[in-house]
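Report on the following structure.
All values below come from the heavy atoms of this structure, side chains included, with hydrogens, waters and symmetry mates left out. Positions are given from 1, in the same order as the sequence printed here. Start at 1 and go down the list; that is how both ligands and their atoms are numbered.
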Amino acid sequence: MGGQTLTDQGFDLIFRGARTANGWKDQPVSDEILKKIYDDMKWGPTSANSSPLRIVFLKTKEAKERLKPLLMAGNVNKVMTSPVTAILAYDTKFYEHLPFLFPHDNTARSWFEGNAPLIETTAFRNSSLQGAYFIISARAHGLDCGPMSGFDAKKVDAEFFPDGRFRSNFICALGHADSSKTFARSPRFKFEDVCKVL
Ligand SMILES: Cc1cc2nc3c(=O)[nH]c(=O)nc-3n(C[C@H](O)[C@H](O)[C@H](O)COP(=O)(O)O)c2cc1C
């Protein structure tokens, strides 16, 4: 695959023209597209192929009502009017799956077992990476995203993951944006401002 690139249209779809959604058109999102989003993003790399991300898609009003009181006030409408809001969480026991996910080294599970700081760092880092793959995949499949961290994570975990194994990282509303609610594009740093080539 090396050497191939996306067209300008492809770059526009996932980066240059893609915007964070703040409101939604009344247009549903099918379960088939949610599956396609996952089936592409799952190939994004994670350390030791640990793949700690777990996703709960809230589609029904009843499911979103469970999240509603746990949101920052400014995020309530964005979630409640969205066709789908995903909770992107991580598995704190991701290493239990390493015999399946990383079969070429059967010691991989022992690198993590009992090492709480390494488990937390690895799960959070790699689920955040997978969250970015999720956004890019959703955009590539023609959806807009509204990622949000303005919620009470402890309460979300108690509500949706009561056995304590999974922890929320961020949530992401999905659908077709009502672009009248999109803010003006904020600036980004230039290459020279934030990158060094040594
Ligand atoms: C992890 C994450 C958390 C965010 N949390 C919130 C939030 O709680 N509420 C909100 O309105 N926007 C939230 N945002 C949206 C950002 O402010 C927005 O993506 C950023 O300003 C870039 O906007 P643009 O994609 O339109 O250029 C969040 C974005 C990310 C990636």
Side-chain angles (χ1 to χ4, degrees), residues 6 8-25 27 29 34 37-38 40-42 44-47 51-58 63-92 120-161 166-191 193-195:
L6 294 176
D8 264 348
Q9 198 188 5
F11 283 112
D12 287 346
L13 186 66
I14 60 174
F15 289 121
R16 300 168 190 158
R19 298 299 315 282
T20 295
N22 291 312
W24 305 99
K25 290 185 185 152
Q27 206 176 323
V29 169
L34 300 181
I37 291 168
Y38 177 72
D40 286 317
M41 61 142 287
K42 72 184 178 188
T46 53
S47 62
S51 311
L53 185 73
R54 302 293 180 268
I55 307 170
V56 181
F57 291 104
L58 310 179
K64 285 183 277 175
E65 285 288 348
R66 290 172 60 192
L67 184 59
K68 187 177 175 185
L70 318 176
L71 296 167
M72 238 175 57
N75 289 335
V76 169
N77 227 21
K78 300 177 194 195
V79 167
M80 296 310 288
T81 59
S82 70
V84 189
T85 292
I87 302 174
L88 292 102
Y90 56 90
D91 182 2
T92 60
E120 177 63 23
T121 314
T122 305
F124 189 69
R125 175 184 297 128
N126 288 285
S127 65
S128 301
L129 282 169
Q130 289 188 284
Y133 307 146
F134 174 89
I135 291 172
I136 292 168
S137 181
R139 288 172 167 180
H141 283 286
L143 293 184
D144 295 296
C145 295
M148 286 165 264
S149 50
F151 60 91
D152 187 325
K154 284 209 160 56
K155 288 186 181 162
V156 167
D157 295 352
E159 174 64 27
F160 290 93
F161 311 115
F166 306 110
R167 289 194 199 128
S168 52
N169 186 330
F170 68 99
I171 61 174
C172 187
L174 292 170
H176 299 89
D178 169 1
S179 50
S180 70
K181 298 211 165 66
T182 303
F183 305 135
R185 184 71 126 173
S186 302
R188 300 298 201 265
F189 291 119
K190 291 199 288 288
F191 181 90
D193 295 333
V194 293
C195 305

Is there a protein heavy atom less than 4.0 Å away from atom 7 (C) of ligand 1? yes
Please write down residue, atom name and distance for the protein heavy atom closest to atom 19 (O) of ligand 1. T20 OG1, 2.6 Å
If you scan protein heavy atoms around atom 27 (O) of ligand 1, the nearest is R185 NH1, 2.6 Å
Report the member of P147, C145, C172, A21 with the shortest heavy-atom distance to atom 15 (C) of ligand 1. P147
Check each atom of ligand 1 against the heavy atoms of N75 and keep those under 4.0 Å away; list them by number with element. 7 (C), 8 (O), 9 (N), 10 (C), 11 (O)
I need the atoms of ligand 1 closer than 4.0 Å to a non-hydrogen atom of G150, numbered in the order shown. 8 (O)
List for me each residue that meets side chain to side chain contact (heavy atoms under 4.5 Å, CB included) alongside K154, sequence neighbours excluded, and say none if there are none. D152
Within 45° of the axis and under 6.0 Å from the centre of the six-membered ring of F160, does NZ or CZ of R66 qualify? yes
Atom 17 (O) of ligand 1: any protein heavy atom closer than 4.0 Å: no
Please answer whether the main-chain N or O of F134 pairs with a side-chain N or O of S137 as donor and acceptor at a distance below 3.5 Å. no
Charged N to carboxylate O under 4.0 angstrom, D8 versus R16? yes
Contact atoms of ligand 1, heavy-atom distance to R188 under 4.0 Å: 22 (C), 24 (P), 25 (O), 27 (O)
Per-atom filter on ligand 1: closer than 4.0 angstrom to a heavy atom of K78 are 10 (C), 11 (O)
Protein contact to atom 5 (N) of ligand 1 [nearest heavy atom, distance to 0.1 Å]: S149 N, 2.9 Å
Can you name the residues that form a salt bridge (Lys or Arg N to Asp or Glu O under 4.0 Å) with K25, not counting sequence neighbours? none
Can you tell me if T46 uses its side chain to pair, donor with acceptor, with the backbone of S51 under 3.5 Å? yes
For the side chain of Q130 and the backbone of L53, is there at least one donor-acceptor N/O pair under 3.5 Å apart? yes
